[in-house]
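Any value given below was found using the heavy atoms of this structure, including those in side chains, with hydrogens, waters and symmetry copies removed. Note on naming: letters A, B, ... go to the chains in the order of the sequence lines (proteins, then strands), and numbering restarts at 1 for each one.
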There are 2 protein chains.
Amino acid sequence: MARTVDPEKHEARRLVIIDAALTCFAATGYAGTSTAAICKRAGIGSGTFFHYFPTKQSLLLAILAYGTDETRDWFAVRSEDEDPLSVVEAYLDHTVDEMSDPRLAGFVRAVGAVMGEPDVEAALALDTRVLEEGLEPWIARAQAADQVRADISAHDLTVWLLVVLDGFLARLAVDADFTAAAQQATLRDVVRRMLTP
Amino acid sequence: MARTVDPEKHEARRLVIIDAALTCFAATGYAGTSTAAICKRAGIGSGTFFHYFPTKQSLLLAILAYGTDETRDWFAVRSEDEDPLSVVEAYLDHTVDEMSDPRLAGFVRAVGAVMGEPDVEAALALDTRVLEEGLEPWIARAQAADQVRADISAHDLTVWLLVVLDGFLARLAVDADFTAAAQQATLRDVVRRMLTP
DNA sequence: GCAATACTAGAGCAGTCACTCCAGAAAAGG
DNA sequence: CCTTTTCTGGAGTGACTGCTCTAGTATTGC
């Protein structure tokens, strides 16, 4: 017999490539990033690249799946006896924290513009579905506890919360004077005003 | 002497190309759209294309300038004795109306992800500057009239209004169940809650 | 009619892209 | 040691890109 595969080393290499791709996609967009650029930044040859990912698109899908898993995990850890509104606000803070990595905002912008690729659109749809299904029960519980207005359905409120959050993140990516640290308090205020009964 | 240029015909052809490009960019993104695809949709040859626009990028810039001009015109028509808050809300309605063309939302997504092209970034920056400079005076006047909260600066309120509007438009582009007609009332409510003293 | 020039189409070009292929290095079991 | 298989780099490939060039047509002023 012969050489076996070491899953740890394999995963480590994968992460190096993913990290390099994240940087490149955030800087120059998906279509604007060549596989050669990713290889250069990751310090590998193209042979190695395609040994780990069969296509450039599969690399993008791997990154998206990574983010979806993180969202799933975050909600899986919540326990039902937490205060509903606090969980919602904690998720806001969590997301803003994640976006302190300035690459993420650029990456989100880059990925949002990948159009006409069914697999990518499906992955994005799954990502928002996981997010909505994680958030909506807490909004519903907050409604039941009269913490949140009930004249709009829990689903619509969830969507509107994500609308505000998306707009916030998009602005972070574009406007250097608009920083998460300086605007987080206003974000909380805007959301609270939107949800108040 | 010989043939002179007919500016009307010239402009009409330009608009045909611009319209075709808008459709293509919205469907497959900027980088994902080849000049050949635009030519095919516009029913012209590539020679004609490059007779009207020296580069693919200049076509994109022309479309952006078109939008910026429209924004400028909209605010230029306002007269100072209008009710400040009504002008702000009228702008919201106006934008939502414009977005009833479903291509526009896709186009905005596509253009937002054109990175590392200084001319495009400059055009986008100009577009948002014109928008902010059009909106902010009305917010300031609404503050002076106690129609709008004053604990946040007029500029920050303007930016936050655009944050909500951007998030709204982004959702329109992505979620088929989220329609302008059904959500316009909620948009107005969210903005009013955000601005209320 | 004629000359001059704006306009048009599409073949062709140089460059770039995602991806393939191969030859050899490295690592595991025997 | 040897064998087997994974892992690695980079030259090479065919497809496609934005754009140019040319040859010809349509439309104007005279």
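- Within the nucleic acid shown, B/Ser58 has no heavy atom closer than 4.0 Å to any nucleic acid atom.
- With D/dC19, D/dC7, C/dC19 as the choices, the nucleotide that has an atom nearest any side-chain atom of B/Thr55 turns out to be D/dC19.
- Cation-pi geometry between B/Arg78 and B/Trp74 is met: the NZ or CZ atom falls under 6.0 Å from the ring centre, inside 45° of the normal.
- A straight line from CG of B/Leu60 to P of D/dC19 spans 12 Å, rounded to a whole angstrom.
- The distance from atom CD of B/Glu11 to atom P of C/dC7 is 12 Å, rounded to the nearest whole Å.
- Residue A/Gly32 is out of contact with every strand shown, counting any heavy-atom pair closer than 4.0 Å.
- Following rounding to the nearest Å, A/Phe53 (CZ) and D/dT8 (C1') show an atom-to-atom distance of 16 Å.
- Taking the centre and axis of the six-membered ring of A/Phe49, the NZ or CZ atom of A/Lys56 falls outside the cone set by 45° and 6.0 Å.
- The side chain of B/Thr48 places an N or O atom within less than 4.0 Å of a non-bridging phosphate oxygen (OP1 or OP2) of C/dA9.
- Here the side chain of B/Ser34 is nearest to one of D/dT8, D/dT17, D/dC19, namely D/dT17.
- Across C/dA9, C/dA18, C/dT8, the shortest atom-to-atom separation from the side chain of B/Ile44 is found for C/dA9.
- Nearest approach of B/Ala113 to A/Ala113, heavy atoms of both residues: CB-CB, 3.1 Å.
- Look at NE2 on A/His10: it is 15 Å from P on C/dA28, rounded to the nearest Å.
- With C/dC19, C/dT8, D/dC19 as the choices, the nucleotide that has an atom nearest any side-chain atom of B/Phe50 turns out to be D/dC19.
- Here D/dG18 presents its P atom at 11 Å from CG of B/Leu59, a figure rounded to the nearest Å.
- Each of B/Ser46 and A/Phe49 lies near DNA chain C, and the nucleotide nearest B/Ser46 is the one positioned closer to the 5' end.
- Closest-nucleotide positions on DNA chain C for A/Gly47 and A/Thr33 were compared, and the one nearer the 5' end corresponds to A/Thr33.
- Comparing D/dT8, D/dC19, C/dT8 by their nearest atom to the side chain of B/Arg13 picks out C/dT8.
- With rounding to whole Å, A/Lys56 atom NZ is found 14 Å from D/dC16 atom C1'.
- For C/dT8, the OP1/OP2 oxygens have no side-chain nitrogen or oxygen of B/His51 closer than 4.0 Å.
- Contact annotation: A/Tyr52 does not reach the phosphate of D/dC7 (side-chain N/O to OP1 or OP2, under 4.0 Å).
- Regarding B/Glu117, its CD atom lies at a distance of 12 Å from the C1' atom of D/dG18, rounded to whole Å.
- Salt bridge B/Arg188/B/Asp93: present, at least one basic N to carboxylate O contact under 4.0 Å.
- Minimum heavy-atom separation, A/Ala180 to A/Leu172: N-CD2, 3.4 Å.
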